[in-house]
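Just follow the structure's listing: the first ligand is 1, and inside any ligand the first atom is 1. Note that these values count all heavy atoms, side chains included, but never hydrogens, waters or copies made by symmetry. Residue numbers run from 1 in the order of the sequence given.
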Amino acid sequence: MKVPFGDMKLHYQTYKTQIDTAVHRVLESGHYILGSELEKFEADFEKWLGAGYAAGCASGTEAIYLALAAAGVTTGDEVIVVAHTAVPTISAISMTGAKPVFVDIDPNTCLMDVDLVEVKITPKTKAIVPVHLYGQMVDMDPLLKIAAKHNLMLLEDCAQSTGATYKGAVAGTMGDYGAFSFYPSKNLGAFGDGGGISTNKRENFDQLVKLRNYGQSKRYYHDIVGINSRLDEMQAAILGAQLPFVHQWNERRREIAKRYNEGLKGIVQTPVEEEGRKHVYHLYVIQSDHRDELQEYLIEKGVGTLIHYPNPAHLQKAYGFLGYKPGALPQTEKVVKRILSLPMHPGVTDEQVDIVIDAIGNFYSELKSSKSSSKMTASSIS
Ligand SMILES: Cc1ncc(COP(=O)(O)O)c(C=O)c1O
């Protein structure tokens with residue numbers, strides 16, 4: 001039996017009735033941009049989050065851009081962020097003209113090491129972007145204190161953490177803004193691109209809805225310089241149809257993670273769930289000193305894996321102009337050589353989890369026996 005990394009087709013087949021109903025309703029309506037479906041999804045999503053306001057937009061990348069732009073982040077400013085993230089976090093910062101300033105991570109959680117943030121603050125710093133990577137929130141309490149002390153905007157990158165919590169607070173409700181991606185494979189995914197921004201302040205929301213629609217206050221009246229970044233009616237309807245299932249899907253992700261954790265205990269380094277945080281396992285990421293060989297072995301056994309992410313942002317060609325050299329972020333650079341994401345989505349069965357666990361166990365047994373036989377060969381030669 002093969003275990004694919006993801007299975008969007010299975011997802012569609014499982015929720016075909018809900019998705020088809022939503023799509024047909026929009027097709028029949030004759031209204032495809034900025035209509036009642038978006039309004040309803042925004043109202044439902046802000047209630048679901050417990051945030052004051054939520055605005056749809058075209059992608060997670062633009063959600064980050066729009067939030068930074070709404071807060072006035074612009075050319076010459078600095079934004080503190082990790083390099084261990086999906087590069088779009090950094091693209092969005094660059095879109096404002098601001099400079100990303102990288103901090104290292106905690107190698108166990110793979111999240112921003114908040115103890116390293118304050119020393120990076122300069123008179124040019126305008127914002128901090130904690131990335132709730134893999135489905136777990138960053139340690140928010142110390143960051144909130146730092147942001148308040150230095151009067152900095154705090155934007156949570158929630159692209160991978162829809163439904164995650166920190167001491168009971170939901171991702172996207174603790175900072176000034178939260179940015180969500182509705183890329184199809186996310187914990188809440190569209191059937192195309194989509195994004196959303198949460199905020200607790202009405203004036204922020206008003207600014208966001210202008211910015212995403214060419215800066216218009218009303219048709220053909222442009223108050224500010226904006227862009228086109230709208231969540232279309234089709235995607236809004238599809239997201240609205242799926243929102244009631246997200247808690248149930250996140251619970252299934254947590255069950256799968258628990259099964260992996262138990263089966264892989266003592267074999268590889270499994271993900272850490274910090275006390276007081278609810279991890280929603282957008283990704284289930286193990287760490288191994290033999291990552292590349294393990295990945296090859298799993299491919300041979302029909303198990304799909306990915307690496308999130310193999311090349312950190314500060315060492316990407318595109319960001320060479322920032323001047324970071326290898327060694328600048330030691331924990332990030334160590335972790336990217338060890339991480340491996342295993343199949344994780346609500347449709348993964350217990351049987352599939354067990355196949356993956358067995359395959360990893362077999363890899364390590366074979367590795368051990370090949371090491372001891374090569375030792376024996378070496379000693380018989382000597
Ligand atoms: C952490 C993180 N931030 C931002 C993004 C960008 O989202 P999108 O692909 O919807 O633009 C992603 C998507 O991969 C992500 O994982």
Side-chain angles (χ1 to χ4, degrees), residues 5-6 8 41 45 54-69 73 79-96 98 100 102-103 105 109-112 127-138 140 154-164 171-172 175 177-198 208 212 227-232 234-236 238-239 242 253 271 279-285 306-314 316 318-319 332 335-336 339 341 344-345:
F5 185 75
M8 288 310 301
F41 173 66
F45 193 52
C57 66
S59 70
T61 309
E62 287 177 350
I64 298 167
Y65 164 74
L66 289 167
L68 291 169
V73 174
V79 175
I80 297 175
V81 67
V82 286
H84 186 57
T85 180
V87 165
T89 310
I90 314 306
S91 321
I93 294 169
S94 302
M95 281 160 70
T96 66
F102 297 118
V103 292
I105 56 168
T109 59
C110 299
L111 300 172
M112 176 182 268
I128 307 173
V129 180
V131 181
H132 304 323
L133 203 70
Y134 301 157
Q136 178 163 230
M137 289 178 69
V138 172
M140 289 299 289
L154 196 57
L155 162 62
E156 300 172 64
D157 180 342
C158 305
Q160 300 192 4
S161 62
T162 305
Y177 299 82
F180 293 81
S181 165
F182 301 130
Y183 183 81
S185 61
K186 294 293 198 264
N187 291 41
L188 170 62
F191 279 54
D193 273 314
I197 310 126
S198 55
L208 289 167
R212 74 170 176 198
I227 60 168
N228 174 357
S229 180
R230 301 174 298 226
L231 181 66
D232 67 62
M234 199 89 80
Q235 300 306 340
I238 290 172
L239 289 165
Q242 295 183 97
R253 286 175 184 270
H279 197 318
V280 291
Y281 295 98
H282 171 59
L283 295 167
Y284 183 88
V285 181
L306 287 172
I307 298 167
H308 297 91
Y309 297 90
N311 191 20
H314 70 296
Q316 294 280 353
Y319 292 96
T332 297
V335 155
V336 297
I339 45 176
S341 309
M344 169 56 84
H345 58 87

When you measure from [atom] to every protein heavy atom, which one gives the shortest distance, and what is it?
atom	result
atom 8 (P) of ligand 1	Gly60 N, 3.4 Å
atom 1 (C) of ligand 1	Asp157 OD2, 3.5 Å
atom 11 (O) of ligand 1	Thr61 OG1, 2.5 Å

**Message:** Aromatic contact between Tyr319 and Phe102, with the criterion being ring centroids under 6.0 Å apart: yes or no?
**Reply:** no

**Item:** The one among Gly196, Gly195, Cys57, Ala159 that brings a heavy atom closest to atom 2 (C) of ligand 1
**Value:** Ala159

**Request:** Give a yes/no verdict on whether any heavy atom in Lys186 is under 4.0 Å from an atom of ligand 1.
**Result:** yes

Heavy-atom contacts with [X] under 4.0 Å: which atoms of ligand 1 show up? List them by number with element.
X	value
Thr85	1 (C)
Tyr309	16 (O)
Val131	1 (C)

Sub-3.5 Å N/O-N/O distance, [X] and ligand 1:
X	value
Ser181	yes
Tyr183	no
Asp193	no

**Complete:** Rounded to the nearest 0.5 angstrom, the OG1-CD1 distance for Thr96 and Ile64 is 11.0 Å

